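All chains are named by letter (A, B, ...) in the order of the sequence lines, taking the proteins before the strands, and each is independently numbered beginning at 1. The structure displayed is predicted, hence computed values, not measured ones.
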Protein chains: 2
Amino acid sequence: MARTRATILDIARELGLSKTTVSSALGGSGRISEEKRALIRETADRLGYVANRAARSLRVSRVGTIGLYIPPIARSLAFYMDFAFGVTEGAAAADYDVTLFARGLTPQRAFHVDGVIAIDPSPGEPLVAALLDDGIPTVSVGRYTGPGEERVLGTLEAHHTELQIQVLDHLLSRGRKRPALLAVDDAISSSWAVDTLNTYLDWCRRHGIEPRVHEVEGNATPRDLVSAVASAVDTGHADALVCGAQGHAAQSQLVLESRGLTVGKDLDIASFAGAAALETGNPLISAIDLAPREYGAAATELLDAVVRDPDAGPVHRWFDGASVQLAG
Amino acid sequence: MARTRATILDIARELGLSKTTVSSALGGSGRISEEKRALIRETADRLGYVANRAARSLRVSRVGTIGLYIPPIARSLAFYMDFAFGVTEGAAAADYDVTLFARGLTPQRAFHVDGVIAIDPSPGEPLVAALLDDGIPTVSVGRYTGPGEERVLGTLEAHHTELQIQVLDHLLSRGRKRPALLAVDDAISSSWAVDTLNTYLDWCRRHGIEPRVHEVEGNATPRDLVSAVASAVDTGHADALVCGAQGHAAQSQLVLESRGLTVGKDLDIASFAGAAALETGNPLISAIDLAPREYGAAATELLDAVVRDPDAGPVHRWFDGASVQLAG
DNA sequence: CGGGTTTGCGGGAACGTTCCCGCAAACAAA
DNA sequence: TTTGTTTGCGGGAACGTTCCCGCAAACCCG
C-alpha cells in the first residue's frame with residue numbers, strides 16, 4: 001500500500017552514495033566501477049525502484065509517449081485494434097507509451113507526445129491537420145492527402161496493389177475468369193479504397209475481362225449483403241467473389257454455403273482486406289494478410305526514426321510484412 | 001516550427017508579473033483581480049501556451065493518465081474498440097490521457113499511470129494480477145476473480161441478466177417457444193460467458209422449456225456456423241436463435257436468409273452481445289445494446305472516483321446505460 | 001619521483017510547475 | 001488615529017531526474 005515510490009535518493013542514502021552516482025549507474029552512462037553498478041542495480045530493484053517518468057521528461061524534454069490516431073470507422077475495427085496492439089508492442093520495445101487519440105480530441109492534449117501515428121487518415125480529418133499545423137512529428141500509415149500533407153514526416157505503405165494483383169492472378173490461374181468485386185461504397189474514400197478499385201479495373205482491362213463491380217454500403221445489413229452476393233452470382237454469373245471490406249469474405253462464404261454452394265469448388269472467394277479472424281487462416285479464402293501487428297510495430301519504428309531526426313525531410317517506407325494466403 | 005513551447009515564465013515576463021500570479025490565474029486558484037486574470041488568459045493563448053504536463057505531474061505527483069487493459073481476445077474486438085473510445089472521451093473530460101496496455105506489457109510501465117481500467121479481465125491474466133499486487137488503483141469492468149481480487153478498488157457491471165431475460169421474454173411473447181442458444185465455447189470462461197449460460201438455463205427451467213444449447217467455437221469458421229445453425233433449426237426445430245458471440249446474430253441472419261427463410265417471420269434472431277454495427281440497429285434482430293462508449297465513459301468516471309478516494313473501500317457500481325432493442 | 005592522464009565519484013543547477021508563505025496596500029471597524 | 005482584516009501579488013522551495021562540471025585518488029610514462 002506504500003503509495004510513495006522509492007526514488008533515486010533513497011537508493012543513494014541506503015548505500016551512502018550520491019544521487020549522481022546512482023543515476024549514472026542506472027542510466028548506463030558515466031564512469032562507475034562494475035561492482036558498484038551491480039550493487040546499485042540490485043538495491044534498486046530490492047527497493048522496487050522505478051524511475052519517475054515525469055521528472056525525467058521534465059529534465060530531458062522528451063515525453064516518452066507516442067499518440068495513436070485511429071479513424072472512427074465502424075468497420076475494419078478489428079484491423080485497427082490489432083494494429084494498435086502492434087504499435088504498443090513496438091513502442092514498449094523502444095520505451096514509449098502509447099496514448100489513444102480519438103477524433104474530437106482537443107489538439108491541446110497532443111502536445112504531450114513526442115509524435116503521432118495516424119493510421120488511414122482521411123483527407124478531411126481536422127485533428128490530423130491540427131497536429132501537422134502544430135509541427136508535431138507525424139507518421140502516416142497509408143498516404144495522407146489533405147491540409148498540411150507536406151509536413152508529414154514519414155509515410156508507411158504496404159504493397160497493396162502488388163498483393164491484390166497476386167490474388168487476382170491466382171484466381172485466374174484456377175480458371176476463374178469472371179471475378180466480381182464487392183467494393184465498399186466509401187463516403188470518405190481513403191486512398192486505399194480508391195486504389196483498390198483502380199487496381200481491379202486495370203487488371204480486368206489488361207486481361208480483357210469484363211469488370212463486375214458490386215457496391216456495398218459501408219454498414220450494410222446482412223440482407224443487403226445477401227442480395228449483393230445474389231446479384232453477383234445469379235445475375236452477373238460471377239465465378240469468384242473478391243471482397244473489399246473486412247468480414248465480407250467470411251460473410252459471403254456463409255451465404256454461398258447456405259445456398260448449397262461449396263466455396264473452393266463451385267466458386268472462389270478472396271479478400272483484399274484480410275486479417276479478420278475468420279478470413280486469414282481460413283483455408284477456403286484467398287486473403288491478403290496485412291499483418292497488422294507487424295505493421296503497427298513498423299509504424300512505431302518509423303516514428304521513432306523521424307522523431308530522432310526530424311530534419312531528415314519526409315521519409316517514405318514500404319512495409320514488407322504483408323503477404324497473400326492463397327487457397328486451393 | 002518552434003520546437004520550444006512558451007512557458008509560464010514567458011507569460012510572466014511579457015506582462016511584468018510573477019510566475020505565481022500567472023500560475024494561479026491559469027489554474028483558477030488564488031486571489032487575482034478579474035481584469036488581470038483575463039489579461040493573462042488572453043496572452044497565454046496568444047503565445048500558444050500549453051502547460052507542461054511533466055512539470056505539473058512532478059509537482060502534484062499525479063500523472064494525469066489512466067491505463068486501459070484490453071484482453072487479447074480475437075472476437076468482439078469491435079466492442080472493445082468502442083469501449084476504448086468511450087474511455088478516451090470520458091478521460092478527456094476529466095483531463096486524463098489514456099494509455100494502452102496490451103498483454104505482455106511489463107508491469108514496470110504501469111507505474112506511470114494514476115490507475116487502470118481492466119475490461120473483462122480473465123482470472124488468469126498475469127498483468128492484472130501484477131497491477132493489483134503493486135497497489136495500482138484498478139477498476140474492473142465485469143467482475144474480476146483471480147489473484148488479488150480483494151484489491152480491486154472498483155467494479156462496474158451491466159445488468160446482463162435482466163437484459164437477457166427481457167430478450168427471452170420478448171421472444172416468448174412473440175410465440176417463440178423453442179429458442180436455441182448459440183453459446184460460445186469460451187476457453188478462459190469470463191464471468192459473462194458463465195452467467196449467460198446460467199441465465200438461459202434458468203429461464204428455460206422457469207418456463208418449462210427444454211433448453212437447446214449449441215456450442216460454437218470462439219473462432220469458428222463460416223462453415224462451422226452454418227452447421228451449427230443448421231443443427232439448431234433442422235434437428236432441434238428451434239424457432240429462434242439466441243447468439244452469445246458478437247457478430248453471430250448477423251451471420252446467422254445471413255445463413256437463414258440465404259436458405260430462403262425470412263428473419264422475423266419464419267424465425268427470430270436475438271443477440272446477447274450486441275453493439276456490432278450489423279446487429280444493433282438491425283430492425284430484424286433483438287439485441288442487447290451495451291452502449292460501449294457510454295460504458296467506457298462510466299468506467300473512467302468510476303476510476304476517477306476511486307483514484308480520488310482510494311481508501312473508500314471497494315466500490316461496486318451498476319451501469320444503467322445498456323438497453324435492449326426489441327424487434328417486431 | 002614529478003608531471004600528466006585516467007578513473008570514480010559528488011555538488012549543484014536546471015527542467016516548469018504548484019503551493020506555502022509573506023508583505024504591502026487598501027479597506028473596515030473601533 | 002489605531003487595530004484588524006481583506007485583497008492582490010511575489011519570493012522561494014520543492015517535486016525527481018539528468019548533466020555539466022570539479023576534484024581527489026590512482027595510475028602511467030619517461
How many whole angstroms separate atom CG of Leu58(B) from atom P of dC15(C)?
14 Å

Between Asp45(B) (side chain) and Gly48(B) (backbone), is there a donor-acceptor pair under 3.5 Å?
no

Output the distance between atom CD1 (Ile11(A)) and atom OG (Ser23(A)), rounded to the nearest 0.5 Å.
10.0 Å

Roughly how far, to the nearest 0.5 Å, is CG of Asp114(B) from CZ of Arg308(B)?
10.0 Å

Spacing between Glu35(B) atom CD and dT7(D) atom P, to the nearest angstrom
15 Å

Measure the angle between the two terminal helix axes of the helix from dG4(C)-dC27(D) to dA30(C)-dT1(D), five base pairs each, and quote it to 10°.
50°

Can you measure Arg5(A) atom CZ to dT17(D) atom P for me and round it to whole angstrom units?
12 Å

Of all the choices, dG16(D), dT17(C), dC9(C), which nucleotide is nearest to the side chain of Thr7(B) once you look at every atom?
dT17(C)

Does Thr21(B) make a side-chain N or O approach to OP1 or OP2 of dC9(D) shorter than 4.0 Å?
no

Evaluate side chain to side chain contact (heavy atoms under 4.5 Å, CB included) for Ile117(A) paired with Val141(A), printing each intermediate quantity in order.
CA-CA 7 Å; Ile117(A) 295 176; Val141(A) 179; 3.9 Å; yes

Specify whether Tyr295(A) and Phe79(A) have parallel, tilted or perpendicular ring planes, treating 30° as the upper limit for parallel and 60° as the lower limit for perpendicular.
tilted

Separation of Ile32(B) atom CD1 from dT7(D) atom P, in whole Å?
13 Å

Using a 4.0 Å heavy-atom cut-off, write out nucleotides 18-28 of chain D from 5' to 3' as B (base contacted by protein), S (sugar-phosphate only) or - (no contact).
BBB--------

Whole-Å distance between dC15(D) C1' and Arg53(B) CZ?
17 Å

Given 3.5 Å as the limit, does a donor-acceptor pair link the side chain of Ser61(B) with the main chain of Ser57(B), or not?
no

Centre of Tyr96(B)'s six-membered ring, under 6.0 Å away, within 45 degrees of the axis: is that where NZ or CZ of Arg62(B) sits?
yes

Atom CG of Asn52(A) to atom P of dA14(D): distance rounded to whole Å?
17 Å

Which is more 5' along DNA chain D, the nucleotide nearest Leu9(A) or the one nearest Ser33(B)? Just name the residue.
Ser33(B)

Please check this pair: side chain of Thr300(A) against backbone of Gly296(A), looking for a donor-acceptor N/O pair closer than 3.5 Å.
yes

Between Arg317(A) (side chain only) and Leu156(A) (backbone N and O only), is there a donor and an acceptor less than 3.5 Å apart?
no

How long is the line joining CG of Leu26(A) and C1' of dC9(C), in whole Å?
15 Å

To the nearest angstrom, how far is Glu34(B) atom CD from dC9(D) atom C1'?
15 Å

